[in-house]
Amino acid sequence: NMLDFVFAVDDSVTWHMMNLLKNRSHYSFLKVFGPKQISSIQSYGAGIYYNTLVPCNGRMIKYGVISTDTLIDDLLHWKTLYVAGRLQKPVKILTQNENSKLQAALVSNLKSAVTAAFLMLPESFSEEELYLQIAGLSYAGDFRMVIGEDRSKVQNIVKPNVAHFQKLYSNILQDCPQVVYKHHLGRLEASIDKSPEGQFAQLMALPRTLQQKITSLVDPPGKNRDVEEILMQVAHDPDCGFVVHQG
């Protein structure tokens, strides 16, 4: 397995320019186009550029480069959920500057993951079931999970790392009035409000892109109803959790 790094950089052109000087061999043939063109290619898709199969200290690594602004956008709005999805799982943050917008976006991403998971889970569930649901968010729309990648991948991520998930989400769950942790039962005693009003409040707290995906699923073309009206309809739907999962 390759060790996977992500570097969030404020100025991609300057970063690639300096990295090409130091580590030109890390790049594919694209190095001939120079730092501006590489940064331009980086902006497509999930907004991240990867150098892969890089030998480092006796093992293989890959590293992705993403602009800080693009990362913040994905964390807040789940524009692609590519890097935001990785950061819903335990990672090792090697170094971090004092960017308060990024700090807030990292927390917002975790809160959104909990909200989405609550909508898809029953009223009561185990702590492990919560983390399995959260870890599965970024794979729900991943075609690789359908056509060949290990379907037990999510379990393989969560089961050995429950303690790390606890550390990542403990502050958010402690501040959540709907959750009481009963240690003797080993369960999260969650009185998740499954009333239409409760579900509507959770739907309104979801990231913008997911709200848009949900509305496009249930709103026939040409009606042009506003998002709030459509989410209220979804909140009354007995299959609300499934609609969120589809989104």
Side-chain angles (χ1 to χ4, degrees), residues 72-90 103-142 154 157-158 162 165-182 185 187-220 223 225-247:
I72 289 170
D73 192 39
D74 196 33
L75 290 167
L76 292 177
H77 306 302
W78 290 4
K79 193 174 177 186
T80 68
L81 201 56
Y82 188 80
V83 179
R86 286 160 184 247
L87 292 171
Q88 290 161 3
K89 306 173 187 75
Q103 305 263 19
L106 286 163
V107 175
S108 175
N109 179 44
L110 298 180
K111 287 180 177 175
S112 296
V114 169
T115 301
F118 282 176
L119 280 159
M120 291 188 278
L121 286 162
E123 282 180 76
S124 180
F125 44 83
S126 72
E127 193 171 11
E128 191 174 288
E129 283 167 338
L130 172 64
Y131 300 143
L132 285 167
Q133 190 69 256
I134 288 171
L137 290 175
S138 57
Y139 294 113
D142 190 339
V154 175
I157 290 168
V158 174
V162 168
F165 275 94
Q166 286 173 329
K167 190 175 177 185
L168 188 60
Y169 286 97
S170 62
N171 287 345
I172 289 165
L173 294 175
Q174 280 168 17
D175 292 341
C176 184
Q178 298 166 306
V179 172
V180 178
Y181 188 58
K182 302 217 168 169
L185 295 174
R187 285 185 77 79
L188 287 167
E189 200 63 35
S191 53
I192 304 300
D193 187 352
K194 292 291 181 180
S195 71
E197 295 76 21
Q199 294 196 135
F200 177 67
Q202 290 175 335
L203 288 163
M204 289 297 289
L206 291 174
R208 185 175 63 208
T209 306
L210 181 52
Q211 289 179 339
Q212 290 167 345
K213 294 284 186 188
I214 291 167
T215 57
S216 66
L217 281 169
V218 299
D219 196 36
K223 275 207 166 185
R225 294 181 297 163
D226 65 36
V227 170
E228 214 167 306
E229 186 185 343
I230 297 161
L231 292 181
M232 180 58 85
Q233 177 193 326
V234 175
H236 281 81
D237 189 334
D239 292 326
C240 173
F242 180 66
V243 176
V244 173
H245 179 82
Q246 280 185 303

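Between V154 and A135, the shortest heavy-atom distance links the atoms CG1-CB, 3.8 Å. The two residues V234 and C240 come nearest to each other via the heavy atoms O-CB, 3.4 Å. Shortest non-hydrogen contact noted between A235 and Q199 is O-NE2, 3.0 Å. What you find for G241 and M120 is that their closest heavy atoms are O-CG, 3.4 Å. Counting all heavy atoms, side chain and backbone alike, D193 lies closest to S195 at OD1-OG, 2.7 Å. The two residues A116 and L137 make their nearest non-hydrogen contact at CB-CD2, 4.2 Å.
How far CD of Q166 is from CG of L130: 10.5 Å, rounded to the nearest 0.5 Å. L210 contributes atom CG, which lies 13.0 Å from atom NE2 of H77 (distance to the nearest 0.5 angstrom). Rounding to the nearest 0.5 angstrom, the gap separating the CD atom in Q211 from the OG1 atom in T215 is 8.0 Å. Rounding to the nearest 0.5 angstrom, the gap separating the CD atom in Q133 from the CD atom in E129 is 9.5 Å. In this structure, I157 CD1 and F165 CZ are separated by 7.0 Å, a value rounded to the nearest 0.5 Å. With values rounded to the nearest 0.5 angstrom, L231 atom CG is found 12.5 Å from H236 atom NE2.
For Q246, the side chain to side chain donor-acceptor pair (under 3.5 Å) test picks out no residue, with sequence neighbours left out. For Q174, the side-chain contact (heavy atoms from CB on, under 4.5 Å) partners are S170, N171, not counting sequence neighbours. Taking the side-chain contact (heavy atoms from CB on, under 4.5 Å) definition, one finds that D237 meets it with D239, V243, sequence neighbours left out. Taking the side chain to side chain donor-acceptor pair (under 3.5 Å) definition, one finds that K213 meets it with nothing, sequence neighbours left out. The side-chain contact (heavy atoms from CB on, under 4.5 Å) search around S216 returns none, not counting sequence neighbours. For E228, there are no side chain to side chain donor-acceptor pair (under 3.5 Å) partners two or more places apart in sequence or in a different chain. For R225, the side chain to side chain donor-acceptor pair (under 3.5 Å) test picks out D219, Q233, with sequence neighbours left out. Scanning for side-chain contact (heavy atoms from CB on, under 4.5 Å) contacts around L110 gives L168, Y169, I172, with sequence neighbours left out.
Residues L121 and I192 have side chains not in contact (no heavy-atom distance under 4.5 Å, counting atoms from C-beta outward). The side-chain heavy atoms of V244 and L203, taken from C-beta on, include a pair separated by under 4.5 Å.
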*Assess whether side-chain contact (heavy atoms from CB on, under 4.5 Å) is satisfied between I214 and L206, documenting all intermediate values.*
CA-CA 10 Å; I214 291 167; L206 291 174; 3.9 Å; yes

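Residue pairs satisfying the side chain to side chain donor-acceptor pair (under 3.5 Å) criterion with at least one member in residues 106-118, sequence neighbours excluded, are listed as follows: W78-N109, Q88-N109.
Screening L81, V107, L87 against L75 for a side chain to side chain contact (heavy atoms under 4.5 Å, CB included) leaves a single residue, L87.
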